[in-house]
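Remember, it's 1-based here, ligands and their atoms both numbered in the order they're listed. Bear in mind the structure is a predicted one, so any value in this text is a computation, not a measurement.
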Amino acid sequence: MWKAVVTAAVALALLLCQSSSLDNGLARTPPMGWLAWERFRCNVDCVDDPYNCISEHLFMQMADRLAEDGWKDAGYDHITIDDCWMSMERDDQGNLYANKTRFPNGIKKLADYVHSKGLKLGIYLDFGTHTCGGYPGSIKYLQQDAETIAGWGIDLLKMDGCYANVSDMSWGYPDMEQYMNKTGRPILFSCSWPAYAGGIKVDYSSLEKHCNMWRNYDDIQDSWDSVTGIIDWYGDNQNILAPAAGPGHWNDPDMLIVGDYSLSYEESKAQMAMWAILAAPLFMSNDLRSISAEARSILMNKEVIRISQDSLGMQGRRIIKEHGIEVWTRVIENKDFPSYAVAFLNRRSDGMPYKYSLTLDKIGFEYYMGYELSEVFTNQHYGHYDLKRVLTLHINPSGVVMIYAIPMS
Ligand code: GLA
């Protein structure tokens, strides 16, 4: 009997504690930056591959590039360490520490360096017994690890969910959020919880109280198939996912792979455009030391970034899917009637630009005076379109035409 009462009291206390919400004030627009995982993985071989291994050198070099090559000024201001940074064991007090060969100066020094460049440092932990790469997990050390990373001056935590019981996540991630709040240091919280809990079987209205962003689907890989697989999943599940996004809390379709090995120019523009339409966090995972001018121009495109960072924070939706063409729209803040960003995405592979026509009323535009249209990547001004004027576009295979539509003034 007493045991039952005590259990109920503890459960109630936990519930009360967990219902208080994430109050770090961060990520009012989708966060931007650079994240090591997709491009640099768990390469710990600093003997044979010192230039590319997961080490303080790599992060210092990327921080230099972010700060000196205009990325930071464009908004890419986080640099985030992923898996495989830790020592394989905790110390005698149970504290985590970085691998001493690869991070000889420790994470605090690296954070100081990153901060001296005007950037923010993110780090990776795992909620379970081990990280996905087999390093120590945080399940028994949530508070201690929150205090450790806050003490180092960490600004973002990506908390993964390998080697964990999904049923523990509904108390564990909120607990971690509380422990981070208690440190007094605002730490952007990126939760992988939904990705492990089935992506759509998640109570997103409760999740947004605890996490600033969350992975909900498979890891991105360096291929167009992977990018389109993610886009499809977001389109197919948009009625659940789109309402979950907003200032302070975002769906995360994973990293931008623009500048890596696989995507063509058209596909690169398409990923960038779609991530902006989805109000996705923009974390590049590429080698900023050798990135091409072409990839850079896509990632730095001011108009696309402006769409991504729109203050309304409304995630876009797939409105039309026909003949291998998808039309996605995102509402953009405007004084009276909304503006729109529209991505026309060509999923066809039949070798020539596809001629596609539509009128604006078909995609839900309502302003009776019509809209001024321009193309985002070419800056081409299309002029005035009322709701019934036929708009004809030529969309390259696996490419995108991205329109910005402003209501006539
Ligand atoms: C999981 C995550 C990835 C990455 C790896 C690291 O697969 O989804 O983003 O963090 O673990 O091991």
Filter on side-chain hydrogen bond (donor to acceptor under 3.5 Å, both in side chains), then keep only pairs touching residues 318-332, sequence neighbours left out; what's left?
Asp236-Arg318, Glu322-Tyr356, Glu322-Lys362, Glu326-Trp328, Glu326-Arg347
Listed by chain and number, what are the salt bridge (Lys or Arg N to Asp or Glu O under 4.0 Å) partners of Arg296, not counting sequence neighbours?
none
Sub-3.5 Å donor-acceptor pair from the side chain of Asn346 to the main-chain atoms of Gly399, do we have one?
no
Side chain of Tyr371, backbone of Tyr367: donor and acceptor closer than 3.5 Å?
yes
Select all protein residues for which some heavy-atom-to-ligand 1 distance is less than 4.0 Å, and list them by chain and number.
Trp37, Asp82, Asp83, Tyr124, Cys132, Gly133, Lys158, Asp160, Arg215, Asp219
For Arg185, is there an ion pair with Asp155 - N to carboxylate O distance below 4.0 angstrom?
yes
With sequence neighbours left out, what residues match Gln380 under side chain to side chain donor-acceptor pair (under 3.5 Å)?
none
